[in-house]
Amino acid sequence: MTAIPFFDRTRVDAPLEAELTEVFQRVLRSGRYILGQEVEAFEAACAAYLNVSCAVGVSSGTDALIVALSAHGIGPGDEVICPAFTFAATALAVARVGARPVFADIDAASFLLDPASVSAVTTARTRAIVAVHLFGRCAPMDALHALAAPRGIAVIEDAAQAFGADLGGTRAGALGTVGCFSLFPTKNLGGFGDGGLVTTPDTALAERARVLRAQGTRRKYHHELVGGNFRLDALQAALLRRMLPHLDARLAMRRHLAARYDALLASAGVPVSAPSLSPGHTYNQYVVRVHGGQRDALRAFLAARGVGTEVYYPEPLHVQPCFAGPGAVAGPSAAETSLPVAEAATREALALPIFPGLTEEEVTRVVAEIAAFPGWSST
Ligand SMILES: *Cc1c(COP(=O)(O)O)cnc(C)c1O
């Protein structure tokens with residue numbers, strides 16, 4: 001019984017060793033290791049791919065969110081609506097800039113922000129909605145813009161998991177006021193360490209983002225804004241630019257494997273629901289719902305059979321100690337205390353292996369192991 005890893009970058013990176021080594025040598029010989037031409041070239045390539053006018057390379061996806069929020073002038077006294085079911089960085093970035101994260105519930109079928117719940121927690125202090133394109137699928141941007149636009153609220157895309165995803169042909173990163181990407185190794189466009197990107201059609205906002213990433217300076221030792229060290233390394237940018245031409249083929253592999261899972265799960269006769277279909281989905285994660293309270297038992301069974309899985313995410317954000325505990329930044333409002341759809345998702349969601357280089361045979365075996373779970377007889 002061979003193990004099936006939850007994630008393995010070496011399968012697609014190993015064949016690129018020669019070209020990546022060449023990139024490393026180029027940067028080494030340039031002697032310029034932070035920002036500079038390599039970062040500018042990467043930014044231009046991303047802007048072209050995403051079809052958005054401005055792209056600003058930063059140090060991580062979390063920092064992309066901090067820069068985007070700061071570039072909007074969001075801070076103390078402001079509220080920012082986030083889904084309760086996402087990676088914590090979405091809301092931690094809001095708290096970092098001194099604003100208050102306000103949590104909204106998600107839609108059961110898509111795991112994405114529910115516009116009705118967003119509307120219920122919107123107040124006069126709401127400055128932005130963070131639309132998270134969770135698992136590689138775009139949030140319902142039309143409905144969110146319809147809520148936000150009349151109130152002058154910004155719609156910030158947390159596109160950390162969705163490089164290359166689209167909604168009706170418009171790519172993530174070009175769908176909101178500003179887009180925030182992570183280039184962490186597991187993301188769709190994964191680097192060789194930490195990295196991030198801020199995108200926007202607004203040139204003034206992009207200029208503020210550039211100033212913010214470099215300690216608030218436009219010219220050396222003259223600090224216009226309270227920024228940070230949010231710069232992207234030249235080596236990271238150069239390696240990522242070499243990965244970009246491979247992205248579409250890798251997204252096609254993810255979609256192909258997802259379709260295979262969909263078909264196999266549909267005929268497996270088990271109480272596991274596949275993610276609902278969506279044309280622009282990039283399947284950064286393939287997340288099923290396990291019914292009958294069996295998620296953790298199924299996960300343990302799969303682990304014993306050598307199949308790696310993950311739980312994204314085991315606790316909703318509105319109950320995390322940093323947001324809800326004593327002295328936390330955000331005492332929850334009445335509307336936030338119970339977010340039942342997000343809470344159910346934390347008990348039922350299970351991410352199955354999906355990554356470029358995973359084989360169809362492996363997907364077949366994962367589903368066969370799921371079908372063989374002895375716990376089904378007790379549900
Ligand atoms: C990965 C991720 C982030 C943070 O990105 P980092 O590069 O790890 O800082 C933010 N939001 C979501 C939804 C993510 O998945």
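For ligands, and for the atoms within them, numbers begin at 1 and follow the listed sequence. Because the structure is a prediction, the values reported are computed rather than measured.
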S.K.: Could you check whether atom CD of Gln25 has more than 12 heavy atoms from other residues, nucleotides or ligands sitting under 6.0 Å from it?
M.R.: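 Enclosed: over 12 neighbouring heavy atoms sit under 6.0 Å from CD of Gln25.
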S.K.: Which atom pair, heavy atoms only, marks the closest approach of Ile354 to Ala258?
M.R.: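 Nearest heavy atoms, Ile354 then Ala258: CD1-N, 3.8 Å.
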S.K.: Going by the atom numbers of ligand 1, which of them fall below 4.0 Å from some non-hydrogen atom of Ala89?
M.R.: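 Heavy-atom distances to Ala89 below 4.0 Å select 4 (C), 10 (C).
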S.K.: Please list the nearest protein heavy atom to atom 11 (N) of ligand 1 with its residue and the distance rounded to 0.1 Å.
M.R.: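 Nearest neighbour among protein heavy atoms for atom 11 (N) of ligand 1, to 0.1 Å: Asp158 OD2, 2.7 Å.
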S.K.: Could you identify the single nearest non-hydrogen protein atom to atom 7 (O) of ligand 1 and state the distance to 0.1 Å?
M.R.: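 Checking every protein heavy atom, the shortest distance to atom 7 (O) of ligand 1 gives Ser182 OG, 2.6 Å.
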S.K.: Among all protein heavy atoms in this structure, tell me which lies nearest to atom 14 (C) of ligand 1, with the distance rounded to 0.1 Å.
M.R.: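 Here the nearest protein heavy atom works out to Lys187 NZ, 3.0 Å.
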S.K.: Using a plain distance cutoff, I'd like to know if Gly61 has any nitrogen or oxygen under 3.5 Å from a nitrogen or oxygen of ligand 1.
M.R.: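 It does: an N or O of Gly61 is found under 3.5 Å from an N or O of ligand 1.
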S.K.: Side chain, backbone, both or neither: which part of Asp63 has a heavy atom under 4.0 Å from ligand 1?
M.R.: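 The answer is neither; Asp63 stays 4.0 Å or more away.
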S.K.: Between the side chains of Gln215 and His223, is a donor N or O closer than 3.5 angstrom to an acceptor N or O?
M.R.: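 Side chains of Gln215 and His223: no pair found under 3.5 Å.
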S.K.: Checking Asp105 side chain against Val341 main chain: does a donor-acceptor pair fall under 3.5 Å?
M.R.: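 Judged by distance alone, yes, a pair lies under 3.5 Å.
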S.K.: Indicate whether any N or O donor in one side chain lies under 3.5 Å from an N or O acceptor in the other, for Glu362 and Thr359.
M.R.: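 Side chains of Glu362 and Thr359: pair found under 3.5 Å.
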S.K.: Can the positive tip of Arg305 be found less than 6.0 Å from the middle of the six-membered ring of Phe373, inside 45° of the ring normal?
M.R.: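 No, cation not above the ring by the 6.0 Å, 45° rule.
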S.K.: Tell me: protein heavy atom nearest atom 4 (C) of ligand 1, and distance?
M.R.: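 The answer is Thr62 OG1, 3.5 Å.
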S.K.: Non-hydrogen atoms of His133 versus ligand 1: any pair closer than 4.0 Å?
M.R.: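 In this structure, His133 fails to qualify as a contact of ligand 1 - no heavy atom is under 4.0 Å.
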S.K.: Please name the pair of heavy atoms, one in Pro201 and one in Val52, separated by the smallest distance, quoted to 0.1 Å.
M.R.: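 Here Pro201 and Val52 meet closest at N-CG2, 3.8 Å.
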S.K.: Under 3.5 Å between some N or O of ligand 1 and some N or O of Asp194?
M.R.: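 No, there is no polar N/O contact under 3.5 Å.
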